[in-house]
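Contents: one structure, followed by commentary.
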Amino acid sequence: MITRLLVANRGEIARRVFATCRALGVETVAVHSDADADAPFVAEADHAVRLPGNTPAETYLRIDLILDAARRTGADAVHPGYGFLAENAAFAAAVTDAGLAWVGPPAKAIAAMGDKMAAKALLAEAGVPMLPTWTDADEITDFPVLVKASAGGGGRGMRVVRDAAGLAEAVASARREAAGAFGDGTVFIERYVERGRHVEVQIFGDTLGTVVALGVRDCSIQRRHQKIVEEAPGVLPAEVRERLHEAAVAAGRAVDYVGAGTVEFLLAPDGEIYFLEMNTRLQVEHPVTELTTGLDLVRLQLLVAEGEPLPVAATPPAQGHAIEVRLCAEDPAQGYRPATGTLHRFAVPGVAAEFGPLAGPGLRLDSGVVDGSVVGVHYDSMLAKVIAWAPTRAEAARALAGALARAELHGVATNRDLLVRVLRSREFAAVEIDTGFLDRHPEVFAPLLPADRLPLAALAAALATAAARRASAPVLAGLPSGWRNVPAFPQVTRFTGPDGEIEVRYRLDRSGGLAEWSTDPADAPTPAVSLVQAAPDRVVLDVDGVRRAYRVHRVSSEVFVDGPDGAASLAELPRFGDPTVELAAGSLVAPLPGAVTRVHVEVGQRVAAGDLLLTLEAMKLEHPVLAPADGVVAELPVATGGQVDTGAVLAVVNPE
């Protein structure tokens, strides 16, 4: 029986495993990098061991250090979580060789599925349907195709190629990204199916030979081939569901599978199914299966690792509907590049449970962060998973969208608005979804806060800021906020916002009411507004006869406003700014800290708009830096292998 479990992972999945361990009375051990020393998962563990360094290669990918941590803490079992070493057969073998229980499938099964080309051949013999696949790019004559990493998943090293001209660079780029993410740059190429749905079957096996399908999930809403919305049960015809179950169980039996696994398929528009890959671990999206089956999958993993039989022998009927979204630190203004910073506030309203079951309709939160967490560049950008369960799909989508829209997410840019718009879209409600959903619906990328409502948010920020200063004033604190000897002269507060600077001018009357207000840019609408309440953290405005409440949170010069239309992140500008050195015209700066992996040009080279100048790697992804216009490379202050901070000049292109 397992008594002390080491989780060889971090963040949300470590906290998730710890939650089940606490319920079962199992002690927990965390391992952590220096960057994660103050992370919530470390504080929640019964024992914690430092892995010196920050990068995954220095820490979470070091088998020797993890086994040493298990020895030093007296752990008798290891759970790999997902990502990092979760699908590393050598790690699984090393754990068992050390006399520890391995909470996962046998090393042999991991190895069989880890080589995706060999896995395809093996499972094809077992009758699992396959897509046409190539390893030699020269053999491909029919496009589009999909380049995929052989050693991993999560969208890493994946590229869609629509013509022969782009194939060589796509393969090279995929190899670099796969090597950086998984330590293996092997790639292969598959036929790309337009309008296909990404569906998957949760399977579970025990040491007695039982393999059971626990239902189908739909994970079709993806960006950059990474899932962002997942649901269970997938809305499918009963006949398709049955075929998926049968194919998934056949795949599991072909490798004598033990533990939790996921068999992923592509569902073509004509109803045909094709095997994509088998993930030999617990999936990120496992909570939707838990909420619709009533099973704790981590508990089942521990039972199976202890040699117990599965408590289920057949697919359980799905109860209700569950939808999960991946809330990620990504900046919409930067093309959804991973974002960094400090989470000054992380609050999702209406959460009924964390990392566990729900007593009825409601929200579950599986999060790796809390207020004050620092989001760095070393790891994946996912902050949390927010999951809703309800008797029907429509109810679950509505509840989840509403909670996300009201969440207070301050300090780090996120993909929250995108998720809300997807959940509220007509097409999602009608299950008109596939892996190309976001490409066909650019409207879902619009921010929740309409541009014509930003001035109201800025006004609320200005009034709350003035109220905060008055409340903290050492003298005359009883005077109304904004009172002055010359009441006809307006107060002026300037902010930077999502579209540049916005200036708010307002004048209060002698009773503290809002006498007038305006904004600059002058074309911004200024509806009739009266002030109901202005406190440092809350402003209530009457806008054309309708009261609107705004929650305001200030951290230094940053002001976060959450209102009925959406959220705004503003930065107050000083009234008299210090002189600053302006960047040279044509400067391209780093959008986030990272490493320069390749430089494709040299000083003096003529480039065209859109040409690839160099490539950054941060948070496990490659970020291309492109020429903004036709011109000549005038400066190139970085080199391959160099580290850069946010705002560092990468190149200067003098436009023609």
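Nothing fancy with the numbering, it's 1 onward along the sequence.
- Other residues, nucleotides and ligands contribute at most 12 non-hydrogen atoms within 6.0 Å of the CE atom of M1.
- No hydrogens or angles considered: nothing links the side chains of N279 and T262 as a donor-acceptor pair under 3.5 Å.
- Closest of all the heavy-atom pairs between L5 and H79 is CD1-N, 3.7 Å.
- For the pair L67 and L100, the minimum side-chain heavy-atom distance is below 4.5 Å.
- Side-chain atoms of N415 come within 3.5 Å of backbone atoms of C328 as a donor-acceptor pair (strictly under, hydrogens ignored).
- Pairing each heavy atom of C21 with each of L302, the nearest pair is SG-CD1, 4.5 Å.
- Other residues, nucleotides and ligands contribute only 12 or fewer heavy atoms inside 6.0 Å of the CZ atom of R299.
- Note: I203 CD1 to T210 OG1 = 12.5 Å, rounded to the nearest 0.5 Å.
- Taking CG from D68 and CZ from R62, the interatomic distance works out to 10.0 Å, rounded to the nearest 0.5 Å.
- Between M113 atom CE and E87 atom CD the span is 11.0 Å, to the nearest 0.5 Å.
- L236 places a side-chain heavy atom less than 4.5 Å from the side chain of V216.
- For the residue pair D218 and R197, the shortest heavy atom distance occurs at OD2-NH2, 2.6 Å.
- Once rounded to the nearest 0.5 Å, the distance linking CD of E27 with OG1 of T3 reads 7.0 Å.
- Nearest heavy-atom pair across L122 and A112 is CD2-CB, 4.4 Å.
- Remark: side-chain polar atoms of D34 are not paired, donor with acceptor, to backbone N or O of P52 under 3.5 angstrom.
- Listed for the N9 side chain is a donor-acceptor partner under 3.5 Å among the backbone atoms of Y82.
- For CG of D38, the number of neighbouring non-hydrogen atoms (other residues, nucleotides, ligands) closer than 6.0 Å is 12 at most.
- Between atom CG of residue L276 and atom CG of residue L146 there is a gap of 8.5 Å, rounded to the nearest 0.5 Å.
- The minimum heavy-atom distance linking T293 with L214 is given by the pair CG2-O, 3.8 Å.
- For R16 and H286, the side-chain atoms include at least one donor-acceptor pair closer than 3.5 Å.
- Atom CD of E264 sits about 3.5 Å away from atom NE2 of H198, to the nearest 0.5 Å.
- Below 30°, between 30° and 60°, or above 60°: for H410 and F560 the angle between ring planes is below 30°, a parallel geometry.
- A cation-pi arrangement, defined by a distance under 6.0 Å to the six-membered ring centre and an angle within 45 degrees of its axis, is present between R393 and F428.
- Remark: the backbone N or O of Q319 is paired with a side-chain donor or acceptor of W389 at under 3.5 angstrom.
- With a 4.5 Å cut-off on side-chain heavy atoms, D296 and E290 count as touching.
- Side-chain atoms of E354 never come within 3.5 Å of backbone atoms of R364 as a donor-acceptor pair (strictly under, hydrogens ignored).
- Annotation: side chain of W102 is in contact with side chain of P80 (closest heavy-atom distance under 4.5 Å).
- Considering only heavy atoms from C-beta on, V325 comes within 4.5 Å of L423 through its side chain.
- Ring centers of Y379 and Y60: under 6.0 Å apart, within the cut-off.
- Minimum interatomic distance between A390 and E395 (heavy atoms only, all atoms of both residues): CB-CB, 3.6 Å.
- A side-chain donor-acceptor contact under 3.5 Å links K385 to the backbone of V284.
- Residues F91 and I66 are in side-chain contact: their nearest non-hydrogen atoms beyond the backbone lie under 4.5 Å apart.
- Side-chain contact between E285 and C219 is present, with at least one heavy-atom pair separated by less than 4.5 Å.
- A salt bridge does not link R337 with E330: every distance from a Lys NZ or Arg NE/NH1/NH2 to an Asp or Glu carboxylate oxygen is 4.0 Å or more.
- Partner T289 forms a side chain to side chain donor-acceptor pair (under 3.5 Å) with one of Q202, R217, E324, Q283 and no other, that one being R217.
- Between the S373 side chain and the L343 main chain, no donor and acceptor come within less than 3.5 Å of each other.
- Here the side chain of T315 pairs a donor or acceptor atom with the backbone of A213 at under 3.5 angstrom.
- Put simply, the side chain of R326 never gets that close to the backbone of V229: no donor and acceptor are under 3.5 Å apart.
- Counting heavy atoms from C-beta outward, H378 and R10 have side chains that stay 4.5 Å or more apart.
- A donor-acceptor distance shorter than 3.5 angstrom exists from the side chain of T597 to the backbone of T615, with no hydrogens or angles considered.
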